[in-house]
Amino acid sequence: MITSSLAERLRKTQHVVVFTGAGASAESGIPTFRDALTGLWERFDPAQLATPEAFRADPSLCWGWYEWRRNRVIQAQPNGAHRAIAELSKHVPKLTVITQNVDDLHERAGSQDVIHLHGSLHSPRCIDCGLAFTLPLTSDVLPEDGRRIEPPRCCVCNGYVRPGVVWFGEMLPEDAWSVGLAAAEGCDVFLSIGTSGFVYPAAELPLRALGHGATVVHINPVRFDISSQEHFLQGPASVMMQSLLREAFG
Ligand code: OAD
């Protein structure tokens, strides 16, 4: 439930951080990772698809899977949560959006300078020399199961082009992490939306914000344990974000 003190806190804030996970894009039809039955990691093995070793072992399997995901994102539209987050920036002095998501739905809803902690499906690069590669905007939804697609080759060194996402065992992009951490530690309201909080170091951000005195609010349809200083709004991201905006700003 959105209390009047929480709405008041948001009205008086100087700097809000919105931190999103896969649940923020779920209502756009993008599958999460760990939801029972529908989560990607329930159906696919991350060891075969989401590590540098997996890509080197079977580049076509890996590339085909990420192309399937990229095409789903191209076909998807931002949902009410993405739009409410973009709208929030008009009401508060400063808003920083930090996402673990590799889609571009925040940007397409109007958010600017989004910090992508886990990279992006839309920014592939050469696995050997790191040169950025531009992909065409295709919209055919590819079959998900085991369709191999040979990755493009780098025009400079002929290395394979790899997806621009952060894989297990890889470091987060340094700038994204340092700017995101500074925002978490400097904000006064931290909204953590649609994340299971299992993947570190990203999952440290709400704790860092709390440790620096921010009001931390979790938004999720599935209740989980939080400390007595944190807040929980139970429900889908679009509904809860729109209600929060309505309560705080009318
Ligand atoms: P998860 O799949 O682990 O968690 C998604 C969360 O969203 C769960 O807590 C759901 O209950 C919640 N959820 C589902 N539908 C929702 C809705 N409509 N509104 C709000 N919340 C909803 O996804 P992440 O926490 O984002 O890493 O996973 C973190 C990282 O693990 C991902 O960035 C990815 C993955 O491996 C990389 O790709 C590097």
Side-chain angles (χ1 to χ4, degrees), residues 2 18-55 62 65-70 72-73 76-85 97-106 109 114-124 162-174 176-177 180 190-207 217-226 230-245:
I2 296 159
V18 167
F19 171 58
T20 58
S25 294
E27 292 166 77
S28 295
I30 307 293
T32 64
F33 293 93
R34 295 177 185 79
D35 277 284
L37 303 178
T38 56
L40 290 173
W41 296 155
E42 297 291 321
R43 296 184 287 143
F44 300 99
D45 179 3
Q48 280 194 322
L49 296 162
T51 68
E53 296 75 29
F55 183 82
C62 196
W65 190 70
Y66 281 94
E67 276 296 277
W68 165 68
R69 286 182 57 200
R70 191 174 69 90
R72 274 194 83 148
V73 167
Q77 296 302 325
N79 64 54
H82 299 111
R83 287 193 297 274
I85 292 163
V97 180
I98 307 172
T99 189
Q100 298 168 84
N101 298 341
V102 293
D103 61 51
D104 59 354
L105 296 176
H106 282 300
V114 178
I115 298 171
H116 282 270
L117 289 182
H118 291 165
S120 164
L121 289 167
H122 300 288
S123 53
R162 58 158 283 176
V165 304
V166 175
W167 281 328
F168 290 103
E170 293 187 313
M171 303 287 284
L172 302 194
E174 217 170 286
W177 176 245
F190 187 99
L191 305 177
S192 179
I193 305 172
T195 178
S196 59
F198 284 142
V199 175
Y200 283 81
E204 252 182 59
L205 293 181
L207 304 171
V217 183
H218 299 273
I219 296 179
N220 203 302
V222 180
R223 180 89 206 185
F224 51 77
D225 287 342
I226 52 168
E230 294 165 273
H231 303 257
F232 201 99
L233 300 179
Q234 187 169 5
S238 63
V239 175
M240 299 322 290
M241 277 307 294
Q242 284 165 358
S243 311
L244 192 56
L245 240 73

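Whatever order the structure lists ligands and atoms in, that order sets their numbers, starting from 1.
When heavy-atom distances to ligand 1 are checked against a 4.0 Å cut-off, Val199 comes that close only through its side chain, counted from C-beta outward. Residue contacts with ligand 1 for Arg34 involve both N, CA, C or O and side-chain atoms from C-beta outward (heavy atoms, distance under 4.0 Å). The proximity of His118 to ligand 1, defined as any non-hydrogen pair under 4.0 Å, is limited to the side chain.
Although no hydrogens or angles enter the test, the distance criterion places a donor-acceptor pair under 3.5 Å between the side chain of Glu170 and the main chain of Trp167. Remark: the backbone N or O of Ala81 is not paired with any side-chain donor or acceptor of Glu27 at under 3.5 angstrom. A donor-acceptor distance shorter than 3.5 angstrom exists from the side chain of Arg72 to the backbone of Gly29, with no hydrogens or angles considered. In terms of modelled atom types and a separation under 3.5 Å, the side chain of Tyr66 and the main chain of Val165 share no donor-acceptor contact. A donor-acceptor contact shorter than 3.5 Å is absent between the side chain of Thr38 and the backbone of Pro31. Asp103 places a side-chain N or O within 3.5 Å of a backbone atom of Leu105 that can act as its donor or acceptor partner.
At the top of the distance list for atom 19 (N) of ligand 1, counting protein heavy atoms only, stands Ala237 N, 2.9 Å. What sits closest to atom 14 (C) of ligand 1 on the protein, heavy atoms only, is Asp35 OD2, 3.6 Å. In terms of protein heavy atoms, atom 3 (O) of ligand 1 is closest to Ser196 OG, 2.5 Å. When hydrogens are left out, the protein atom nearest atom 29 (C) of ligand 1 is Gln100 OE1, 3.4 Å; that is the closest non-hydrogen contact. At the shortest separation from atom 9 (O) of ligand 1 among protein heavy atoms lies Asn220 ND2, 2.9 Å. Closest protein heavy atom to atom 18 (N) of ligand 1: Glu27 OE2, 3.1 Å. Looking only at protein heavy atoms, the nearest one to atom 13 (N) of ligand 1 is Gly23 CA, 3.6 Å.
Between Tyr200, Trp167, Phe198, Phe33, it is Phe33 that holds the heavy atom closest to atom 34 (C) of ligand 1.
Summarising the geometry, atom OG1 belonging to Thr195 is positioned 5.0 Å from atom CZ belonging to Phe19; distances are rounded to the nearest 0.5 Å. Note that NE2 of His116 and OG1 of Thr99 are 6.5 Å apart. Values are rounded to the nearest 0.5 Å. Here Leu205 contributes atom CG and Ser192 contributes atom OG; the two are 9.0 Å apart, rounded to the nearest 0.5 Å. The structure places CD of Gln77 at 10.0 Å from CD1 of Ile30, a figure rounded to the nearest 0.5 Å. Taking CD1 of Ile219 as the reference point, atom NE2 of His231 lies at 12.0 Å (rounded to 0.5 Å). Distance CG/Leu244 to CG/Leu191: 6.5 Å, rounded to 0.5 Å.
Near Ala22, meaning under 4.0 Å from any of its heavy atoms, are these atoms of ligand 1: 23 (O), 24 (P), 26 (O). Against a heavy-atom cut-off of under 4.0 Å, Ala26 is close to the following atoms of ligand 1: 15 (N). Remark: ligand 1 atoms within the under-4.0 Å shell around heavy atoms of Thr195 are 6 (C), 9 (O), 24 (P), 25 (O). Atoms of ligand 1 found under 4.0 Å from any heavy atom of Val222, numbered from 1 in the order shown, are 11 (O). Below 4.0 Å from some heavy atom of Pro236 lie the following atoms of ligand 1, by number and element: 18 (N), 19 (N). Ligand-side atoms of ligand 1 in range of Gly21: 26 (O), range being under 4.0 angstrom from any heavy atom. Numbered from 1 in the order shown, with element, the atoms of ligand 1 that lie under 4.0 Å from a heavy atom of Gly194 read 5 (C), 6 (C), 7 (O), 20 (C), 21 (N).
Within the structure, the closest approach of Trp41 to ligand 1 falls below 4.0 Å when heavy atoms are considered. Ligand 1 has Pro221 within reach: a non-hydrogen atom of the residue lies less than 4.0 Å from it. Contact annotation: Val166 has at least one heavy atom less than 4.0 Å from an atom of ligand 1. The closest approach between Phe168 and ligand 1 falls below 4.0 Å for a heavy atom of the residue.
Checked against a 3.5 angstrom limit, the closest N/O atoms of Asn101 and ligand 1 fall outside it. Checked by distance only, ligand 1 and Ile219 stay at 3.5 Å or farther apart across all their nitrogen or oxygen atoms.
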Worked check of side-chain contact (heavy atoms from CB on, under 4.5 Å) between Arg70 and Val102: CA-CA 9 Å; Arg70 191 174 69 90; Val102 293; over 6 Å; no

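Trp41 and Phe33 have tilted rings, their planes meeting at an angle from 30° to 60° on a 0 to 90° scale.
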